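Single-structure report; data block below.
Heavy-atom basis, side chains included; hydrogens, waters and symmetry copies ignored. This is a predicted model, so every value here is computed, not measured.
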Amino acid sequence: MQQQPIKQQHDLTQINNTPTFAELAKNQLMHRYGMTAQEGAIYDAEISIGLLKLRTAFPTQTRNYSDREHDMLMALWLEIFVAIEPGIFHEAIMRFVAADRKGFFPSLGQIMGIIEDIQTERERQATEERIKTHAAYLRQTQQRIDSGENCSTCKFCDHRDTPQKPGSAKTEVQLYCQNPDSFKYEGQYGHGTVATILCEHYEKKLAD
């Protein structure tokens with residue numbers, strides 16, 4: 001009797017355990033950037049949710065993708081947006097969906113362009129906040145100086161009769177900061193400070 005050829009059987013367990021492109025990409029990124037398992041899972045979820053929202057908003061564009069194509073799409077987005085703050089990525093997705101009038105699934109470049117716009121906006125807002133905070137600090141400092149909190153009334157300030165010019169008999173009172181922690185510190189030498197200055201180390205001089 002002729003022996004029938006033995007059919008080769010696939011090891012389904014091995015196939016099921018083969019990592020997907022997205023899993024490989026995530027693992028490589030976690031290793032490259034030192035992510036913990038929890039951080040990797042959060043990042044993976046953020047990108048997955050973003051892509052799912054786009055696939056929901058533009059169903060005709062990815063409806064016919066195979067599982068392999070969806071897997072590769074996820075892997076690509078993971079690698080491109082790894083350095084983007086999750087909140088910014090989510091905002092970029094929503095901005096694109098809200099503004100789109102053509103009905104086409106976005107390219108990576110389109111989403112990255114929106115992300116860059118958001119980053120520029122946030123940097124400008126942060127700069128404006130720093131300017132406002134510094135301006136408020138300067139106003140507050142000036143009010144304190146005007147009310148008498150300045151070098152001349154600080155306990156670290158030494159009032160000295162100092163010649164107006166080298167060798168001159170005429171003297172005038174000058175102020176010399178004695179606090180080494182202050183940017184106005186002069187010790188026994190220097191040119192003297194002025195009463196219109198106030199540093200963060202000010203302490204009111206007690207009455208004699």
Side-chain angles (χ1 to χ4, degrees), residues 7-141 181 183 199-201:
K7 294 182 179 180
Q8 183 176 3
Q9 304 218 347
H10 296 289
D11 186 344
L12 296 180
T13 302
Q14 183 178 358
I15 293 175
N16 291 335
N17 289 334
T18 301
T20 64
F21 291 121
E23 289 171 340
L24 287 172
K26 185 183 75 171
N27 291 337
Q28 290 172 354
L29 293 171
M30 288 175 60
H31 177 72
R32 185 187 309 165
Y33 295 102
M35 295 183 189
T36 64
Q38 182 179 10
E39 290 170 338
I42 292 173
Y43 175 59
D44 182 83
E46 288 286 346
I47 300 298
S48 295
I49 292 170
L51 276 175
L52 181 59
K53 287 180 178 179
L54 288 174
R55 288 167 61 183
T56 302
F58 307 97
T60 59
Q61 303 299 309
T62 58
R63 180 179 295 161
N64 297 323
Y65 276 18
S66 66
D67 290 342
R68 184 181 177 86
E69 287 173 320
H70 280 299
D71 181 29
M72 183 58 76
L73 182 66
M74 178 66 182
L76 185 59
W77 281 58
L78 280 168
E79 292 190 49
I80 293 298
F81 297 113
V82 64
I84 305 303
E85 181 183 334
I88 293 179
F89 174 76
H90 172 75
E91 184 176 344
I93 295 292
M94 298 310 295
R95 283 195 187 188
F96 181 87
V97 172
D100 179 72
R101 297 295 181 270
K102 298 180 180 179
F104 294 109
F105 195 88
S107 67
L108 292 167
Q110 287 176 299
I111 298 300
M112 185 60 78
I114 298 174
I115 286 173
E116 291 171 350
D117 290 342
I118 295 171
Q119 290 173 328
T120 299
E121 291 171 10
R122 292 193 177 188
E123 289 172 2
R124 182 175 63 251
Q125 291 171 356
T127 299
E128 291 174 353
E129 286 301 317
R130 287 195 296 270
I131 292 173
K132 290 179 181 178
T133 300
H134 186 61
Y137 167 76
L138 292 177
R139 286 194 298 271
Q140 183 184 37
T141 300
D181 294 329
F183 71 94
C199 78
E200 68 274 19
H201 300 289

Please identify each residue that fulfils side chain to side chain contact (heavy atoms under 4.5 Å, CB included) with D71, with sequence neighbours left out.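 Once residues adjacent in sequence are excluded, the partners of D71 under the side chain to side chain contact (heavy atoms under 4.5 Å, CB included) criterion are T20, F21, A22.
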
What donor-acceptor contacts under 3.5 angstrom involve side-chain atoms of residues 49-59, with partners at least two apart or in another chain?
unit_1: K53; atom_1: NZ; unit_2: H90; atom_2: ND1; d: 3.1
unit_1: T56; atom_1: OG1; unit_2: L52; atom_2: O; d: 2.8

Anything under 3.5 Å between a donor and an acceptor, one on a side chain of residues 129-137, the other on a protein residue two or more places apart or in another chain? List them.
unit_1: R130; atom_1: NH2; unit_2: T127; atom_2: OG1; d: 3.1
unit_1: T133; atom_1: OG1; unit_2: E129; atom_2: O; d: 2.8

Could you list all the salt bridge (Lys or Arg N to Asp or Glu O under 4.0 Å) pairs where at least one residue sits in residues 73-95, not counting sequence neighbours?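 Passing the test, one end in residues 73-95: E85-R122, E91-R95, E91-R122, R95-E121.
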
May I have all residue pairs that pass salt bridge (Lys or Arg N to Asp or Glu O under 4.0 Å) and include part of residues 32-50, sequence neighbours excluded?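 Listed by first then second residue: nothing to list.
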
To the nearest 0.5 Å, how far apart are [atom1] in [X] and [atom2] in [Y]?
X    : Y    : atom1 : atom2 : answer
Q125 : T120 : CD    : OG1   : 11.0 Å
E23  : M30  : CD    : CE    : 11.5 Å
F104 : T60  : CZ    : OG1   : 8.0 Å
I111 : I84  : CD1   : CD1   : 11.5 Å

Indicate the atoms forming the closest heavy-atom contact of P19 with L24, along with that distance.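 Of all heavy-atom pairs spanning P19 and L24, the closest is CG-CD2, 3.8 Å.
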
Minimum-distance pair of heavy atoms, taken over all atoms of V82 and M35: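 Heavy atoms only, the tightest pair is CG2-CE, 3.7 Å.
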
Filter on ring-ring contact (aromatic ring centres under 6.0 Å, His included), then keep only pairs touching residues 66-85, sequence neighbours left out; what's left?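 Non-adjacent pairs meeting ring-ring contact (aromatic ring centres under 6.0 Å, His included): Y65-H70, W77-F81, F81-F89.
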
When you measure from the side chain of E116 to the backbone N and O of G113, does any donor-acceptor pair fall under 3.5 Å?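 Not confirmed, E116 side chain does not pair with G113 backbone.
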
I'd like to know whether CD of E200 has more than 12 heavy-atom contacts from other residues, nucleotides or ligands below 6.0 angstrom.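 Yes, because the 6.0 Å sphere around CD of E200 holds more than 12 heavy atoms from other groups.
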
With a cut-off of 6.0 Å (strictly less than), are more than 12 heavy atoms of other residues, nucleotides or ligands near CG of D181?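 Yes, enclosed.
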
